[in-house]
Amino acid sequence: VIIKGDRIAYAACIFPLTQRSDMSKSLGTRHRAAIGLSEETDAVIVAVSEETGLISYAYKGQLIRGVTLQELRAFLQQYPVGELIGFQGIGEGVENTNYFVDTTDGRWVLTLFERLNYDDLPFFLGLMDHLASRGFAGAMPARTRDGRNLVTLNGKPAALVHRLVGQSVLFPELEQCADVVRTLGEL
């Protein structure tokens, strides 16, 4: 359905499917069409799963899958991070579903891993933890009350990491590239 203003403009439409090969095999035609349409237009595309009824949206080629307020509150009970203040889906990213999460004890990024295998993730999270604990300016994974940095949410591997200050740089300048090279040299 295409909605224009407050009215249904078109129904029973055929939309372009994304041609990306990096998409999760679990995504059906409805979600692939939402991503494809968001790649072709500047619209926010809403998709409702026939199987689960969960609402997702696509924007600029990124699919944000629904995590409800209740699910997030229950998830955060595993962590010593205080009370939930708010959360917002992040439109950037290719393979994962990400949220900014604010609590009374800090700012976080919640990642639901869509493609990586659960068994492969401890290495990557361990590396992030190792680097951050040694002063490297990187995101440090939070640990649950029982010491885990990898759990599940909505059947997906999930991690909560400290949110870094700053923003994405789409077109780095030469000086920024030099800073990256210097930092890598210090590793």
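No hydrogens, no waters, no symmetry mates; every other heavy atom, side chains included, goes into these values.
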Checklist entry - Are the side chain of E173 and the backbone of F171 linked by a donor-acceptor contact shorter than 3.5 Å? => result no

Checklist entry - Side chains of D146 and T144: do they bring a donor and an acceptor to under 3.5 Å? => result yes

Checklist entry - Got a sec: does the CG of L184 have more than 12 other heavy atoms crowding it under 6.0 Å? => result yes

Next on the checklist: Given 3.5 Å as the limit, does a donor-acceptor pair link the side chain of Y118 with the main chain of T152, or not?
Outcome noted: no

Checklist entry - At their closest point, which heavy atom of W108 faces which heavy atom of V81, and how far apart are they? => result CZ2-CG1, 3.4 Å

Checklist entry - Side chains of T111 and V161: closer than 4.5 Å at any heavy-atom pair? => result no

Checklist entry - In Å, rounded to the nearest 0.5 Å, how long is the span from CZ of F113 to OG1 of T97? => result 11.0 Å

Item to check | Residues T103, Y79; criterion side chain to side chain contact (heavy atoms under 4.5 Å, CB included); working and verdict | outcome: CA-CA 11 Å; T103 70; Y79 294 89; over 6 Å; no

Checklist entry - CZ/R163 to CG/D102 distance, rounded to the nearest 0.5 angstrom? => result 6.0 Å

Checklist entry - Mind checking whether L150 and M140 sit in one hydrophobic cluster, side chains of I, L, V, M, F, W, Y counted as touching below 4.5 Å? => result no

Item to check | Heavy-atom pair of closest approach, residues F87 and L69 | outcome: CE2-CD1, 3.8 Å

Checklist entry - Roughly how far, to the nearest 0.5 Å, is OG1 of T68 from CG of N154? => result 7.0 Å

Checklist entry - Is there a side-chain contact between L76 and L160 (heavy atoms, below 4.5 Å)? => result yes

Checklist outcome for this item: d(D120 CG, L125 CG) to nearest 0.5 Å is 11.0 Å

Next on the checklist: Taking CD in Q176 as the centre, count heavy atoms belonging to other residues, nucleotides or ligands within less than 6.0 Å. Is the count above 12?
Outcome noted: yes

Item to check | All side-chain contact (heavy atoms from CB on, under 4.5 Å) counterparts of R145, not counting sequence neighbours | outcome: P80

Checklist entry - Can you name the closest pair of heavy atoms from A9 and K4 and give their distance? => result CB-CB, 3.9 Å

Next on the checklist: When you group the ILVMFWY residues by side-chain heavy-atom contacts below 4.5 Å and let the links chain together, are L84 and L112 in the same group?
Outcome noted: yes

Checklist entry - In Å, rounded to the nearest 0.5 Å, how long is the span from CD1 of I45 to CG of L37? => result 4.0 Å

Checklist entry - Side chain of T41, backbone of S38: donor and acceptor closer than 3.5 Å? => result no

Checklist entry - Do you know the tightest heavy-atom contact between L187 and L131? => result CD2-CD2, 3.7 Å

Item to check | Q78 side chain to F75 backbone, donor-acceptor under 3.5 Å | outcome: yes

Checklist entry - Any side-chain heavy atom of I2 within less than 4.5 Å of one from F15? => result yes

Checklist entry - Which heavy atom of A139 sits nearest a heavy atom of M128, and at what distance? => result O-CE, 3.4 Å

Checklist entry - Counting only N and O atoms by type, is there a donor-acceptor contact under 3.5 Å from the side chain of R20 to the main-chain atoms of G61? => result yes

Item to check | Expected output: side-chain T18 to main-chain I35 donor-acceptor under 3.5 Å | outcome: no

Next on the checklist: Give me the atom names and distance for the closest heavy-atom approach of L72 to L110.
Outcome noted: CD1-CD2, 3.7 Å

Next on the checklist: Does any part of the side chain of R107, heavy atoms only, come nearer than 4.5 Å to the side chain of V101, both counted from C-beta?
Outcome noted: no

